[in-house]
Amino acid sequence: MTQYLADSTRHPHTSDRPVATTDWWRDAVIYQVYPRSFADGNGDGMGDIPGIRERLPYLRDLGVDAVWLSPFYASPQADAGYDVADYRAIDPMFGTLHDADGLIRDAHRLGLRIIVDLVPNHSSDQHEWFKQALREGPGSPLRARYHFRPGKGEDGELPPNDWESVFGGPAWTRATGRDGKGEEWFLHLFAPEQPDFNWEHPAVQDEFRSILRFWLDMGVDGFRIDVAHGLVKADGLPDIGAHEQLKLLGNDVLPFFDQDGVHEIYRSWRRILDEYSPSLRPGVPPRPRIAVAEAWTPTVERTANYVRPDELHQAFNFQYLGTKWDAAELREVIDRSLDAMRPVAAPTTWVLSNHDVVRHATRLSSDGKSHDLRRARAASLLMLALPGSAYVYQGEELGLPEVTDLPDEARQDPAFFRAAGQDGFRDGCRVPIPWTAEGASYGFGSGGSWLPQPEGWARLSVAAQTGDPASTLELYRSALRLRRERDGLGAGESVRWQDAPRGVLSFRRPGFACTVNTTAAPVTLPVPGELLLASSPVEVTADGVVVPADTTVWWAV
Ligand code: NOJ
């Protein structure tokens, strides 16, 4: 018997469903919308909130629990919105606060939660506070909300320390005085248009508590905390004494990342989130509000510090994202991740793609450059079989590859324009997604798309894949439906490994088993139960199951 998908074309949710009220986030599947590239409602070539609102039913039918939106705030877009000029306003290119309110209401009606992106490490250089600080000049107390320092050297012509920007080049830029001469320097761990806040300053702390309340009052269900590991800098801003400092992150705590002081901030935020979580009306169940940390730390054990019971709820598992398609390495990172989170009673998260990394349909290929849909599908099914919460980046459910041939003139990633920084090719995963097989921008919008979409994406579009049992979209739909139907999936905090040949992962969860063949050859295994779903066709016979190369299979046991 050859089987492909179990009941693959049944759509999981065709009507509104109630918003889950308990600890929904512990096993939630959270879908990342990158607003620029999801759907364009007004035809200006750039995605926007009205576009997202129109497509919410698609996300409900996909079967995700929550939607995380990358920043949509007022911003000059020096770093695609991660440079915020006003934390309480929507950038006109994305819509209005009224649109955001409508989005939150529509989502809730459809049973979807909304998580917004909070960017507390830095603002835009067009933020009122920074403009004031520049205007007031050295010595002004208004400068203390950022990190201004005199330069070194005879004339202050050298940066105050040797820190490097994540995007390449020095992490300091010298301000220019009214007389046109260089004066103090300011710190920016990212682009010069993103000056770092000084989190020792009470006004900064108060301001962000107020911003949290603003969005909680708007009804959001949580926050994704950008650069959560970066807010506090080591006393005295000490030199590091080495180049390529980001590469040290795997082993060392850098003076600008993962400082112990950040945790006090998250404890104060947790108190606010908890304040908003209980129900205000008797008889109405609580609606927990959550926060997820984008925290780059040397180890998963240090990542666990961010999700202690009185801090944030989740942290992205970048160690998992960075793991090769290798059974032994995957097993090790899965175990380490689960072991690290168990003592703090936080769910582990799993993520394969986001707006900063090469899409996993390309990254996991043997040369890291080709489109390996087969492996991507296997990796996705493995991720969705693990206990905890999973993050899905828009377009991965379509099996989209990284776009590797964008012309330089189309690129917008600031890292691309700064030498030797974070690889600088993040535009390749940000190309607007295809909705229909026809139309200039595959249904993204009526006015083209801000980054050119490749030829051949018609067959990857939502319309082309819908109803095709062999498609990646239907694979995700089936997987997410099964996750909802089976308690053993998602929930819990461990997996039971089974003996398996080299290159094969086999584990059990309550009522469920998962088999992953990471090798290039088929393997024959005993049949552990009833076939639920497979990332490519598998053959089940009386003698066993033949699991082809790069394939994941789900079983009911
Ligand atoms: C992490 C975000 O994901 C990335 O896109 C951004 O460039 C940096 N933080 C700086 O905000």
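Positions are given from 1 along the sequence. Counting starts at 1 for both ligands and their atoms, following the listed order.
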Hey, which atoms in ligand 1 end up nearer than 4.0 Å to a heavy atom of [X]?
X	answer
R426	4 (C), 5 (O), 6 (C), 7 (O)
R430	5 (O)
H122	10 (C), 11 (O)
D356	1 (C), 2 (C), 3 (O), 4 (C), 5 (O)

Practice item. Would you mind telling me if ligand 1 is within reach of the side chain of F167, the backbone, both or neither, using heavy atoms under 4.0 Å? Key: side chain

Exercise for review: Check each heavy atom of R224 against ligand 1 and say whether those closer than 4.0 Å belong to the side chain, the backbone, both or neither.
Suggested key: side chain

Point to revise | Under-4.0 Å salt bridge between K247 and D252 | key: no

Check your understanding: With the threshold set at 4.0 Å, does a side-chain nitrogen-carboxylate oxygen contact exist between E183 and R143?
Key -> yes

Practice item. Please collect all ring pair (Phe, Tyr, Trp, His ring centres under 6.0 Å) contacts where either partner lies in residues 33-56, sequence neighbours excluded, each pair once. Key: Y34-H355, F38-W435

Check your understanding: Is it true that the side chains of D226 and N121 contain a donor and an acceptor less than 3.5 Å apart?
Key -> no

Practice item. Might you point out which heavy atoms bring P35 and S70 nearest each other, and give the distance in Å? Key: CG-O, 3.3 Å

Study note, to complete from the structure: If you compare D79, D226, V227 by their heavy atoms, the one closest to atom 1 (C) of ligand 1 turns out to be D226

Review point. How far does CG of L142 sit from CD of Q132, to the nearest 0.5 angstrom?
Key: 5.5 Å

